[in-house]
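Residue numbers begin at 1 in each chain, while the letters A, B, ... track the order of the sequences.
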Protein chains: 2
Amino acid sequence: MTVTPELTARSSRAADIVTAARRILEDEGVDALTMRRLAADVGIQAPSLYKHFPTKRAVEAALIEQGMLELGKALHAAVDSRGGGVRRLLEAYRQAALTRPALYRLATAGPLPRQELPPGLEEWAGQPFYLATGDPWRAQALFSLAHGMVILELDDRFPDRSDLGRTWKAGAAAFNR
Amino acid sequence: MTVTPELTARSSRAADIVTAARRILEDEGVDALTMRRLAADVGIQAPSLYKHFPTKRAVEAALIEQGMLELGKALHAAVDSRGGGVRRLLEAYRQAALTRPALYRLATAGPLPRQELPPGLEEWAGQPFYLATGDPWRAQALFSLAHGMVILELDDRFPDRSDLGRTWKAGAAAFNR
DNA sequence: TAGAATAGCGAACAGCGTTAGCCAGGAGGA
DNA sequence: TCCTCCTGGCTAACGCTGTTCGCTATTCTA
(Lines give C-alpha, C1' and ligand atoms only; values in the text may rest on other atoms or scores of the structure.)
Protein backbone atom coordinates (compact mmCIF):
# COMPACT_ATOMS: atom_id res chain seq x y z
CA MET A 1 0.00 0.00 0.00
CA THR A 2 1.58 3.21 -1.14
CA VAL A 3 1.09 6.46 0.71
CA THR A 4 -0.59 9.49 -0.83
CA PRO A 5 2.08 11.63 -2.52
CA GLU A 6 2.37 15.31 -1.73
CA LEU A 7 2.58 18.31 -4.00
CA THR A 8 6.10 19.47 -4.79
CA ALA A 9 7.02 22.42 -2.58
CA ARG A 10 7.60 25.70 -4.42
CA SER A 11 8.60 29.26 -3.62
CA SER A 12 5.65 31.59 -3.19
CA ARG A 13 6.26 33.25 -6.54
CA ALA A 14 6.41 29.91 -8.30
CA ALA A 15 3.24 28.86 -6.53
CA ASP A 16 1.55 32.05 -7.75
CA ILE A 17 2.55 31.20 -11.29
CA VAL A 18 1.16 27.69 -11.10
CA THR A 19 -2.08 28.98 -9.59
CA ALA A 20 -2.49 31.53 -12.35
CA ALA A 21 -1.64 28.92 -14.97
CA ARG A 22 -4.28 26.59 -13.66
CA ARG A 23 -6.91 29.30 -13.69
CA ILE A 24 -6.13 30.20 -17.29
CA LEU A 25 -6.11 26.55 -18.31
CA GLU A 26 -9.44 25.72 -16.73
CA ASP A 27 -11.23 28.95 -17.59
CA GLU A 28 -10.07 29.48 -21.14
CA GLY A 29 -8.51 26.28 -22.38
CA VAL A 30 -5.06 25.13 -23.32
CA ASP A 31 -4.59 27.59 -26.18
CA ALA A 32 -4.97 30.53 -23.83
CA LEU A 33 -2.09 29.34 -21.69
CA THR A 34 0.82 31.26 -23.20
CA MET A 35 3.87 32.55 -21.40
CA ARG A 36 2.98 36.16 -22.10
CA ARG A 37 -0.58 35.74 -20.93
CA LEU A 38 0.53 33.84 -17.86
CA ALA A 39 3.07 36.52 -17.00
CA ALA A 40 0.47 39.24 -17.41
CA ASP A 41 -1.87 37.50 -14.99
CA VAL A 42 0.93 37.26 -12.44
CA GLY A 43 1.84 40.89 -13.03
CA ILE A 44 5.29 40.46 -14.57
CA GLN A 45 6.84 40.20 -18.02
CA ALA A 46 7.12 36.90 -19.86
CA PRO A 47 10.91 36.52 -19.67
CA SER A 48 10.75 36.84 -15.89
CA LEU A 49 8.86 33.57 -15.74
CA TYR A 50 12.11 31.89 -16.68
CA LYS A 51 13.59 32.93 -13.35
CA HIS A 52 11.20 30.46 -11.77
CA PHE A 53 10.65 27.75 -14.39
CA PRO A 54 13.18 26.68 -17.02
CA THR A 55 10.56 26.06 -19.74
CA LYS A 56 6.85 26.28 -20.35
CA ARG A 57 6.84 22.50 -20.20
CA ALA A 58 7.99 22.72 -16.58
CA VAL A 59 4.99 24.89 -15.73
CA GLU A 60 2.78 22.35 -17.42
CA ALA A 61 4.47 19.57 -15.46
CA ALA A 62 3.44 21.32 -12.24
CA LEU A 63 -0.14 21.35 -13.51
CA ILE A 64 0.07 17.72 -14.56
CA GLU A 65 1.22 16.90 -11.06
CA GLN A 66 -1.86 18.59 -9.62
CA GLY A 67 -4.12 16.86 -12.09
CA MET A 68 -2.74 13.40 -11.39
CA LEU A 69 -2.87 13.94 -7.66
CA GLU A 70 -6.48 15.04 -7.70
CA LEU A 71 -7.54 12.32 -10.10
CA GLY A 72 -5.74 9.74 -8.00
CA LYS A 73 -7.45 10.95 -4.84
CA ALA A 74 -10.87 10.64 -6.46
CA LEU A 75 -10.11 7.12 -7.68
CA HIS A 76 -8.71 5.93 -4.37
CA ALA A 77 -11.76 7.31 -2.59
CA ALA A 78 -14.07 5.48 -4.97
CA VAL A 79 -12.29 2.18 -4.45
CA ASP A 80 -11.58 2.48 -0.74
CA SER A 81 -15.19 3.14 0.09
CA ARG A 82 -15.71 -0.64 0.13
CA GLY A 83 -13.63 -2.68 -2.30
CA GLY A 84 -14.05 -3.76 -5.90
CA GLY A 85 -16.68 -1.78 -7.71
CA VAL A 86 -15.58 -1.40 -11.31
CA ARG A 87 -18.73 0.59 -11.88
CA ARG A 88 -17.97 2.94 -9.01
CA LEU A 89 -14.40 3.41 -10.18
CA LEU A 90 -15.44 4.28 -13.72
CA GLU A 91 -18.03 6.73 -12.49
CA ALA A 92 -15.43 8.48 -10.34
CA TYR A 93 -13.00 8.55 -13.25
CA ARG A 94 -15.50 10.05 -15.61
CA GLN A 95 -16.66 12.66 -13.17
CA ALA A 96 -13.16 13.74 -12.18
CA ALA A 97 -12.13 14.08 -15.81
CA LEU A 98 -15.21 15.91 -17.03
CA THR A 99 -15.16 18.48 -14.25
CA ARG A 100 -11.65 19.60 -15.25
CA PRO A 101 -11.45 18.71 -18.94
CA ALA A 102 -8.46 20.84 -19.91
CA LEU A 103 -6.45 19.71 -16.92
CA TYR A 104 -7.33 16.09 -17.59
CA ARG A 105 -6.27 16.36 -21.20
CA LEU A 106 -3.01 18.02 -20.27
CA ALA A 107 -2.26 15.34 -17.71
CA THR A 108 -3.10 12.31 -19.82
CA ALA A 109 -2.65 13.15 -23.50
CA GLY A 110 0.77 13.14 -25.07
CA PRO A 111 4.01 11.97 -23.52
CA LEU A 112 4.61 12.42 -19.80
CA PRO A 113 7.52 14.52 -18.51
CA ARG A 114 8.31 11.78 -16.01
CA GLN A 115 11.60 13.31 -14.87
CA GLU A 116 9.79 16.41 -13.66
CA LEU A 117 7.14 14.45 -11.74
CA PRO A 118 7.41 13.10 -8.19
CA PRO A 119 8.42 9.45 -8.37
CA GLY A 120 5.62 7.06 -7.56
CA LEU A 121 2.84 9.52 -8.37
CA GLU A 122 1.93 7.85 -11.63
CA GLU A 123 1.89 4.38 -10.12
CA TRP A 124 -0.14 5.54 -7.14
CA ALA A 125 -2.76 7.18 -9.33
CA GLY A 126 -3.17 3.98 -11.33
CA GLN A 127 -3.36 1.69 -8.31
CA PRO A 128 -7.17 1.80 -7.97
CA PHE A 129 -7.47 -0.05 -11.27
CA TYR A 130 -5.47 -2.88 -9.81
CA LEU A 131 -7.52 -2.82 -6.64
CA ALA A 132 -10.70 -3.05 -8.68
CA THR A 133 -9.58 -5.88 -10.95
CA GLY A 134 -6.99 -7.81 -8.96
CA ASP A 135 -4.97 -8.39 -12.12
CA PRO A 136 -2.33 -6.13 -13.65
CA TRP A 137 -3.38 -6.74 -17.24
CA ARG A 138 -7.06 -6.38 -16.63
CA ALA A 139 -6.15 -3.24 -14.70
CA GLN A 140 -4.32 -1.75 -17.68
CA ALA A 141 -7.14 -2.72 -20.00
CA LEU A 142 -9.71 -1.14 -17.71
CA PHE A 143 -7.64 1.99 -17.46
CA SER A 144 -7.44 2.08 -21.26
CA LEU A 145 -11.20 1.79 -21.46
CA ALA A 146 -11.72 4.61 -18.98
CA HIS A 147 -9.23 6.90 -20.66
CA GLY A 148 -10.54 6.05 -24.11
CA MET A 149 -14.14 6.80 -23.19
CA VAL A 150 -13.23 10.04 -21.45
CA ILE A 151 -10.96 11.38 -24.13
CA LEU A 152 -13.34 10.47 -26.92
CA GLU A 153 -16.14 12.13 -25.01
CA LEU A 154 -14.07 15.25 -24.44
CA ASP A 155 -13.11 15.36 -28.09
CA ASP A 156 -16.73 14.90 -29.12
CA ARG A 157 -15.93 11.78 -31.12
CA PHE A 158 -19.09 9.85 -30.35
CA PRO A 159 -21.99 10.26 -32.77
CA ASP A 160 -24.80 10.61 -30.24
CA ARG A 161 -23.76 12.62 -27.24
CA SER A 162 -27.02 11.79 -25.56
CA ASP A 163 -26.64 8.24 -24.37
CA LEU A 164 -23.04 8.03 -23.26
CA GLY A 165 -24.25 6.77 -19.91
CA ARG A 166 -25.21 3.50 -21.59
CA THR A 167 -21.79 3.27 -23.19
CA TRP A 168 -20.17 3.59 -19.78
CA LYS A 169 -22.51 0.95 -18.40
CA ALA A 170 -21.62 -1.41 -21.23
CA GLY A 171 -17.94 -0.85 -20.50
CA ALA A 172 -18.39 -1.52 -16.81
CA ALA A 173 -20.40 -4.64 -17.56
CA ALA A 174 -17.62 -6.04 -19.72
CA PHE A 175 -15.20 -5.81 -16.82
CA ASN A 176 -17.47 -7.22 -14.16
CA ARG A 177 -15.78 -10.62 -14.24
CA MET B 1 -24.47 -2.31 -45.17
CA THR B 2 -22.72 0.84 -46.20
CA VAL B 3 -20.45 0.99 -49.19
CA THR B 4 -16.75 1.76 -48.97
CA PRO B 5 -16.26 5.54 -49.27
CA GLU B 6 -13.85 6.97 -51.79
CA LEU B 7 -11.11 9.51 -51.40
CA THR B 8 -12.11 13.06 -52.20
CA ALA B 9 -11.00 13.97 -55.72
CA ARG B 10 -8.35 16.70 -55.92
CA SER B 11 -6.45 18.62 -58.57
CA SER B 12 -3.07 17.14 -59.31
CA ARG B 13 -1.28 19.93 -57.47
CA ALA B 14 -3.45 19.48 -54.42
CA ALA B 15 -2.80 15.76 -54.57
CA ASP B 16 0.94 16.43 -54.69
CA ILE B 17 0.62 18.55 -51.57
CA VAL B 18 -1.27 15.88 -49.67
CA THR B 19 1.25 13.26 -50.72
CA ALA B 20 4.15 15.39 -49.55
CA ALA B 21 2.33 16.18 -46.32
CA ARG B 22 1.80 12.53 -45.61
CA ARG B 23 5.44 11.70 -46.23
CA ILE B 24 6.59 14.43 -43.86
CA LEU B 25 4.07 13.39 -41.23
CA GLU B 26 5.01 9.73 -41.30
CA ASP B 27 8.75 10.16 -41.69
CA GLU B 28 9.39 13.01 -39.29
CA GLY B 29 6.36 13.41 -37.09
CA VAL B 30 3.68 15.98 -36.62
CA ASP B 31 6.00 18.79 -35.57
CA ALA B 32 7.85 18.64 -38.87
CA LEU B 33 4.67 19.28 -40.80
CA THR B 34 4.79 23.06 -41.22
CA MET B 35 3.48 25.05 -44.13
CA ARG B 36 6.95 26.26 -45.10
CA ARG B 37 8.44 22.81 -44.94
CA LEU B 38 5.54 21.34 -46.87
CA ALA B 39 5.82 24.01 -49.55
CA ALA B 40 9.55 23.42 -49.87
CA ASP B 41 9.00 19.71 -50.44
CA VAL B 42 6.49 20.48 -53.15
CA GLY B 43 8.85 23.06 -54.67
CA ILE B 44 6.85 26.21 -54.08
CA GLN B 45 6.63 28.96 -51.46
CA ALA B 46 4.45 28.67 -48.38
CA PRO B 47 1.84 31.29 -49.34
CA SER B 48 1.20 29.44 -52.59
CA LEU B 49 -0.20 26.52 -50.63
CA TYR B 50 -3.16 28.73 -49.85
CA LYS B 51 -4.12 28.69 -53.53
CA HIS B 52 -4.97 25.02 -53.01
CA PHE B 53 -6.03 24.71 -49.38
CA PRO B 54 -7.68 27.45 -47.31
CA THR B 55 -5.88 26.54 -44.08
CA LYS B 56 -3.35 24.11 -42.72
CA ARG B 57 -6.24 22.40 -40.99
CA ALA B 58 -7.70 21.60 -44.42
CA VAL B 59 -4.48 19.84 -45.43
CA GLU B 60 -4.66 17.89 -42.19
CA ALA B 61 -8.29 17.04 -42.92
CA ALA B 62 -7.17 15.45 -46.19
CA LEU B 63 -4.69 13.35 -44.23
CA ILE B 64 -7.31 12.44 -41.65
CA GLU B 65 -9.53 11.28 -44.48
CA GLN B 66 -6.78 8.97 -45.71
CA GLY B 67 -6.11 7.69 -42.22
CA MET B 68 -9.74 6.90 -41.48
CA LEU B 69 -10.22 5.24 -44.82
CA GLU B 70 -7.22 2.98 -44.41
CA LEU B 71 -8.04 2.16 -40.81
CA GLY B 72 -11.62 1.41 -41.80
CA LYS B 73 -10.50 -0.90 -44.57
CA ALA B 74 -8.28 -2.85 -42.21
CA LEU B 75 -11.08 -3.21 -39.66
CA HIS B 76 -13.67 -4.26 -42.21
CA ALA B 77 -11.29 -6.83 -43.59
CA ALA B 78 -10.69 -8.24 -40.12
CA VAL B 79 -14.41 -8.56 -39.42
CA ASP B 80 -15.57 -9.62 -42.85
CA SER B 81 -13.16 -12.52 -42.97
CA ARG B 82 -15.76 -14.53 -41.06
CA GLY B 83 -17.87 -12.66 -38.51
CA GLY B 84 -17.49 -11.74 -34.85
CA GLY B 85 -13.95 -11.99 -33.65
CA VAL B 86 -13.39 -9.27 -31.10
CA ARG B 87 -9.86 -10.54 -30.77
CA ARG B 88 -9.26 -10.34 -34.50
CA LEU B 89 -10.72 -6.84 -34.67
CA LEU B 90 -8.53 -5.56 -31.86
CA GLU B 91 -5.42 -7.06 -33.42
CA ALA B 92 -6.20 -5.37 -36.74
CA TYR B 93 -6.85 -2.09 -34.96
CA ARG B 94 -3.59 -2.20 -33.08
CA GLN B 95 -1.56 -3.14 -36.08
CA ALA B 96 -3.07 -0.48 -38.32
CA ALA B 97 -2.48 2.20 -35.73
CA LEU B 98 1.06 1.25 -34.81
CA THR B 99 2.27 1.04 -38.38
CA ARG B 100 1.29 4.69 -38.99
CA PRO B 101 1.45 6.24 -35.53
CA ALA B 102 1.53 9.89 -36.51
CA LEU B 103 -1.29 9.50 -38.98
CA TYR B 104 -3.35 7.59 -36.43
CA ARG B 105 -2.84 10.26 -33.83
CA LEU B 106 -3.74 13.01 -36.24
CA ALA B 107 -6.91 11.18 -37.27
CA THR B 108 -8.16 10.26 -33.82
CA ALA B 109 -6.84 12.74 -31.26
CA GLY B 110 -8.48 16.09 -30.82
CA PRO B 111 -11.70 17.31 -32.36
CA LEU B 112 -12.68 16.17 -35.85
CA PRO B 113 -13.16 18.67 -38.70
CA ARG B 114 -16.36 16.87 -39.67
CA GLN B 115 -17.44 19.47 -42.22
CA GLU B 116 -14.33 18.84 -44.26
CA LEU B 117 -14.74 15.07 -44.24
CA PRO B 118 -16.83 12.97 -46.61
CA PRO B 119 -20.19 12.24 -44.96
CA GLY B 120 -20.53 8.70 -43.77
CA LEU B 121 -16.81 8.03 -43.56
CA GLU B 122 -16.69 8.19 -39.81
CA GLU B 123 -19.70 5.93 -39.38
CA TRP B 124 -18.37 3.44 -41.92
CA ALA B 125 -15.00 3.22 -40.20
CA GLY B 126 -16.67 2.49 -36.87
CA GLN B 127 -19.07 -0.10 -38.23
CA PRO B 128 -16.81 -3.12 -37.59
CA PHE B 129 -17.19 -2.54 -33.87
CA TYR B 130 -20.91 -2.93 -34.22
CA LEU B 131 -20.47 -6.00 -36.38
CA ALA B 132 -18.22 -7.55 -33.74
CA THR B 133 -20.45 -6.80 -30.76
CA GLY B 134 -23.97 -6.63 -32.17
CA ASP B 135 -24.80 -3.82 -29.77
CA PRO B 136 -24.25 -0.09 -30.26
CA TRP B 137 -23.18 0.58 -26.69
CA ARG B 138 -20.85 -2.36 -26.43
CA ALA B 139 -19.50 -1.24 -29.79
CA GLN B 140 -18.70 2.23 -28.49
CA ALA B 141 -17.15 0.78 -25.36
CA LEU B 142 -15.01 -1.60 -27.38
CA PHE B 143 -13.91 1.24 -29.64
CA SER B 144 -12.99 3.23 -26.56
CA LEU B 145 -10.93 0.34 -25.28
CA ALA B 146 -9.11 -0.03 -28.59
CA HIS B 147 -8.41 3.67 -28.92
CA GLY B 148 -7.39 3.96 -25.29
CA MET B 149 -4.91 1.12 -25.51
CA VAL B 150 -3.43 2.37 -28.76
CA ILE B 151 -3.09 5.98 -27.76
CA LEU B 152 -1.64 5.11 -24.36
CA GLU B 153 0.81 2.78 -26.04
CA LEU B 154 1.79 5.43 -28.58
CA ASP B 155 2.24 7.97 -25.82
CA ASP B 156 4.29 5.52 -23.79
CA ARG B 157 1.98 5.75 -20.81
CA PHE B 158 2.20 2.15 -19.71
CA PRO B 159 4.85 1.28 -17.14
CA ASP B 160 6.15 -1.92 -18.72
CA ARG B 161 6.27 -1.71 -22.47
CA SER B 162 7.13 -5.39 -22.63
CA ASP B 163 3.90 -7.20 -21.99
CA LEU B 164 1.32 -5.09 -23.74
CA GLY B 165 0.22 -8.18 -25.62
CA ARG B 166 -1.26 -9.50 -22.40
CA THR B 167 -3.05 -6.22 -21.82
CA TRP B 168 -4.66 -6.51 -25.24
CA LYS B 169 -5.64 -10.10 -24.52
CA ALA B 170 -7.21 -9.07 -21.23
CA GLY B 171 -9.17 -6.39 -23.07
CA ALA B 172 -10.36 -8.80 -25.71
CA ALA B 173 -11.35 -11.33 -23.05
CA ALA B 174 -13.52 -8.75 -21.30
CA PHE B 175 -15.54 -8.24 -24.48
CA ASN B 176 -15.92 -11.89 -25.41
CA ARG B 177 -19.44 -12.10 -24.06
C1' DT C 1 -7.71 39.37 -79.51
C1' DA C 2 -9.32 41.05 -75.09
C1' DG C 3 -10.48 39.56 -70.54
C1' DA C 4 -10.59 36.58 -66.71
C1' DA C 5 -9.06 33.03 -63.92
C1' DT C 6 -5.11 30.44 -62.05
C1' DA C 7 -1.03 29.91 -59.59
C1' DG C 8 3.06 31.45 -58.68
C1' DC C 9 6.06 35.13 -55.99
C1' DG C 10 8.21 38.39 -52.06
C1' DA C 11 7.16 41.16 -48.14
C1' DA C 12 5.04 41.46 -44.12
C1' DC C 13 2.15 40.81 -39.66
C1' DA C 14 1.00 39.11 -35.22
C1' DG C 15 1.82 35.70 -32.03
C1' DC C 16 4.64 31.96 -30.08
C1' DG C 17 8.68 30.13 -26.78
C1' DT C 18 12.93 31.59 -25.53
C1' DT C 19 17.68 34.08 -24.87
C1' DA C 20 20.77 37.94 -23.80
C1' DG C 21 22.15 41.73 -21.38
C1' DC C 22 21.21 45.15 -18.07
C1' DC C 23 19.91 46.90 -13.45
C1' DA C 24 17.77 47.75 -8.71
C1' DG C 25 17.41 45.90 -4.18
C1' DG C 26 18.64 43.10 -0.31
C1' DA C 27 21.76 39.84 2.39
C1' DG C 28 26.05 38.50 4.31
C1' DG C 29 30.73 39.13 5.52
C1' DA C 30 35.07 41.96 6.31
C1' DT D 1 30.02 50.96 6.90
C1' DC D 2 31.32 49.23 2.59
C1' DC D 3 31.77 45.69 -0.83
C1' DT D 4 30.15 41.81 -3.07
C1' DC D 5 26.98 38.56 -4.70
C1' DC D 6 22.50 36.74 -5.58
C1' DT D 7 17.66 37.30 -6.78
C1' DG D 8 14.19 38.75 -9.71
C1' DG D 9 12.70 42.12 -12.33
C1' DC D 10 13.13 44.70 -17.09
C1' DT D 11 13.61 45.70 -22.51
C1' DA D 12 15.06 44.15 -26.87
C1' DA D 13 15.45 40.76 -29.88
C1' DC D 14 15.71 36.09 -32.37
C1' DG D 15 13.76 32.43 -35.00
C1' DC D 16 9.82 30.11 -35.69
C1' DT D 17 4.71 29.62 -36.72
C1' DG D 18 0.19 30.27 -39.69
C1' DT D 19 -1.55 33.55 -42.60
C1' DT D 20 -2.66 37.97 -45.59
C1' DC D 21 -1.59 41.28 -49.15
C1' DG D 22 -0.43 42.96 -53.55
C1' DC D 23 1.82 41.98 -57.68
C1' DT D 24 2.80 39.30 -61.97
C1' DA D 25 3.11 35.83 -65.53
C1' DT D 26 0.76 32.27 -67.84
C1' DT D 27 -3.21 30.02 -69.71
C1' DC D 28 -7.92 29.35 -70.90
C1' DT D 29 -12.19 31.23 -72.75
C1' DA D 30 -15.45 34.18 -75.21
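By the salt bridge (charged side-chain N to carboxylate O under 4.0 Å, His left out) test, A:D155 pairs with A:R105, sequence neighbours left out. Taking the side chain to side chain contact (heavy atoms under 4.5 Å, CB included) definition, one finds that A:P54 meets it with A:A58, sequence neighbours left out. Remark: A:R157 pairs with no residue by the salt bridge (charged side-chain N to carboxylate O under 4.0 Å, His left out) rule, at least two apart or across chains. Scored by the side chain to side chain contact (heavy atoms under 4.5 Å, CB included) test, B:T19 finds no partners at all (sequence neighbours excluded).
Considering only side-chain N and O atoms, A:S48 lies under 4.0 angstrom from the phosphate OP1 or OP2 of D:dC10.
By the 4.0 Å N-to-carboxylate-O rule, A:E153 lies close enough to A:R94 to be salt-bridged with it. Salt-bridge formation is detected for the pair A:E65/A:R10: a Lys NZ or Arg NE/NH1/NH2 atom is positioned less than 4.0 Å from an Asp or Glu carboxylate oxygen. Using a cut-off of 4.0 Å between Lys/Arg side-chain N and Asp/Glu carboxylate O, B:R100 and B:E70 are scored as salt-bridged. Note on B:E60 versus B:R57: salt bridge recorded, some NZ/NE/NH1/NH2 to OD/OE distance being below 4.0 Å.
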Atom pairs under 3.5 Å, N or O on each side, protein against nucleotides 12-18 of chain D: can you list them with distances?
unit_1: D:dG18; atom_1: OP1; unit_2: B:M35; atom_2: N; d: 3.4
unit_1: D:dG18; atom_1: OP1; unit_2: B:K56; atom_2: NZ; d: 2.9
unit_1: D:dG18; atom_1: OP2; unit_2: B:M35; atom_2: N; d: 3.0
unit_1: D:dG18; atom_1: N7; unit_2: B:R36; atom_2: NH1; d: 2.8
unit_1: D:dG18; atom_1: O6; unit_2: B:R36; atom_2: NH2; d: 2.9

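Atom NZ of B:K51 and atom P of D:dC23 are 13 Å apart (whole Å). Protein atom CZ of B:R57 is 11 Å distant from nucleotide atom P of D:dT19, rounded to whole Å.
From the 5' end on, the contacts that DNA chain C makes with chain A at under 4.0 Å to a non-hydrogen atom open and close at C:dC16 to C:dA20.
Contacts of A:Q45 with the nucleic acid, taken as non-hydrogen atoms under 4.0 Å apart, include base atoms.
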